[in-house]
There are 2 protein chains.
Amino acid sequence: MDKQQEILAAALKLFVENGFHGTPTSKIAKEAGVANGTLFHYYPTKDDLIVSLYISIKLRMATHIAEQITDGADYKTMFKTQFIQALYWAMEHQAEFQYVQQFYSSPYQAMLQSAELQQIMDKNCHDIQRAIDDKVIKDLPVDYIFTMISSHLNGIHQYLKNANLDEKKQNETIAQTFGLLWDMLT
Amino acid sequence: MDKQQEILAAALKLFVENGFHGTPTSKIAKEAGVANGTLFHYYPTKDDLIVSLYISIKLRMATHIAEQITDGADYKTMFKTQFIQALYWAMEHQAEFQYVQQFYSSPYQAMLQSAELQQIMDKNCHDIQRAIDDKVIKDLPVDYIFTMISSHLNGIHQYLKNANLDEKKQNETIAQTFGLLWDMLT
DNA sequence: ACATTTGTCGACTGATTAGTCAATCTAAAA
DNA sequence: TTTTAGATTGACTAATCAGTCGACAAATGT
């Protein structure tokens, strides 16, 4: 792992633990095992670091999900795969997922303008629109559908995090939740 | 409005605008029109202020909802009233609702231990349990149901905030969302 | 071999911050 | 009227923090 990645990993850990407020750049550098100045070599300001970390996480998550989708599947399978893989990833990367939420409900969110992230979201919305046009999903605004799926994802993740079920029960719950969601949208 | 309330109002405004990180206590005091020391008279530390503000908002929201429920209604009406009133309140108190989310997904959340808030949540869970026992709501874990309702609430709020519909369309969407949620849970 | 860019270091600084404190004010009780 | 307890003030401080800078090292190109 190179220094830049070490910095991101250290920042993730400390931001989730102590918040943006509670983590000085000096402690991030220390945790990453680099000098103070090195951090500012890669990220000119603390805000840059905070935003870059968010983008980096979202990109990693999107990559994971994109790797799992199989071509030529029907809508339900496609959405189900994405939903379930997103959850798996979230459960295996709790800190990352928590950071995403922390960032998203903070004022830093307003600083975000990433073409890459926009592209991913456009793709998701496009998939939803296609499913609506093909009369698979109910004819409701795309943003509405998208928000519903996202908040379901957050909700079930929060539940699973607290409930601490064994793996079998957990997978059952995930599949069941997608079932409820799918019935709701179709 | 007395000084203590002025402090809470100023803190809310600035925390939502600039985050916990970006708002010094000195600016809160200034915005509230009180001296620096007065703030620390009411809230010994900045953390105290942050947590107290959260509790104060949740309590105000719960009070509003409690005022609207009518006795002797069936389960659907009861849940619908609560769901809709929660949304109305959220739409009319955007800053407060945003603060709640900001706080909840931050590490400050771990500091929270309020008997009053616990009591409100217990009541909600109790209502859900009763509806399950009476076979109105599906037999799933109470926490699961609770999480589903909460995340629906967050999702639809986020959608409405961004979509900026006129009042009629907004009310329609709210009613429709509750419909979908209710069908899912029963 | 040399030159140039890029990465790394850590001591340093100017500005800012949470929280203190002794003095003053207010209002109601005794 | 006098006492007393809480409310209010704002100057003050000790500590902390984001970001700089000049020196040096490593890698890369010529």
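Just so it is clear, the structure is predicted and the values come from calculations on it, not from any experiment. So that the names make sense, note that chain A is the first sequence line, chain B the second, and so on, each numbered from 1.
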[X] [atom1] - [N] [atom2] separation (whole Å):
X: Ile7(B); N: dA18(C); atom1: CD1; atom2: C1'; answer: 15 Å
X: Lys46(B); N: dT20(C); atom1: NZ; atom2: P; answer: 15 Å
X: Gln4(B); N: dT8(D); atom1: CD; atom2: C1'; answer: 14 Å
X: Lys3(B); N: dT9(D); atom1: NZ; atom2: C1'; answer: 9 Å
X: Leu39(B); N: dC21(C); atom1: CG; atom2: P; answer: 17 Å

- prompt: OP1 or OP2 of dA7(D) less than 4.0 angstrom from a side-chain nitrogen or oxygen of Thr38(B), does that happen here?
  reply: no
query: Between Tyr42(B) and dT8(D), is there a side-chain N or O to OP1/OP2 distance below 4.0 Å?
result: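 True: Tyr42(B) side-chain N/O within range (under 4.0 Å) of dT8(D) OP1/OP2.
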- prompt: Any luck finding a side-chain donor-acceptor pair between Asn154(A) and Gln158(A) under 3.5 Å?
  reply: no
Return the set of residues passing side-chain hydrogen bond (donor to acceptor under 3.5 Å, both in side chains) with [X] (not counting sequence neighbours), or none when no residue passes.
X: Glu31(A); value: Lys13(A)
X: Asp127(B); value: Lys123(B), Arg130(B)
X: Asn162(A); value: none

Does [Y] offer a backbone N or O that forms a donor-acceptor pair with the side chain of [X] under 3.5 Å?
X: Thr77(B); Y: Ala73(B); value: no
X: Lys138(B); Y: Met184(B); value: yes
X: Gln170(A); Y: Asn164(A); value: no
X: Gln102(B); Y: Phe15(B); value: yes

statement: Counting primed atoms, P, OP1 and OP2 as sugar-phosphate and everything else as base, the B/S/- map of nucleotides 20-27 of chain D against protein heavy atoms under 4.0 Å is B-------
Find every protein N or O atom lying less than 3.5 Å from an N or O atom of nucleotides 3-6 of chain D, and list the pairs.
none

Sequence neighbours excluded - ring-ring contact (aromatic ring centres under 6.0 Å, His included) pairs with any residue from residues 100-133 of chain B: Phe20(B)-Tyr108(B), Tyr54(B)-Phe103(B)
field: ring-ring contact (aromatic ring centres under 6.0 Å, His included) contacts in which one or both residues fall within residues 128-167 of chain B, not counting sequence neighbours
entry: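 Sorted pair list: Tyr144(A)-Tyr159(B), His152(A)-His152(B), Tyr159(A)-Tyr144(B), Phe97(B)-His157(B).
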- request: Specify the residues of residues 8-32 of chain A, ordered by number, for which at least one heavy atom lies under 4.0 angstrom from an atom of DNA chain C.
  value: none
task: Sort and list the pairs that fulfil salt bridge (charged side-chain N to carboxylate O under 4.0 Å, His left out) and have at least one residue in residues 97-116 of chain B, not counting sequence neighbours.
output: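 Residue pairs passing salt bridge (charged side-chain N to carboxylate O under 4.0 Å, His left out), neighbours aside: none found.
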message: My understanding is that only residues two or more places apart in sequence, or in another chain, count here; which of them pass salt bridge (Lys or Arg N to Asp or Glu O under 4.0 Å) with Glu96(B)?
response: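 Glu96(B) satisfies salt bridge (Lys or Arg N to Asp or Glu O under 4.0 Å) with Arg60(B) only.
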- prompt: Who are the salt bridge (Lys or Arg N to Asp or Glu O under 4.0 Å) partners of Lys169(A), not counting sequence neighbours?
  reply: Glu172(A)
message: Need the bend value for the helix from dA1(C)-dT30(D) to dA30(C)-dT1(D): angle between end axes, 5 pairs each end, nearest 10°.
response: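 Both end axes considered, the difference amounts to 10°.
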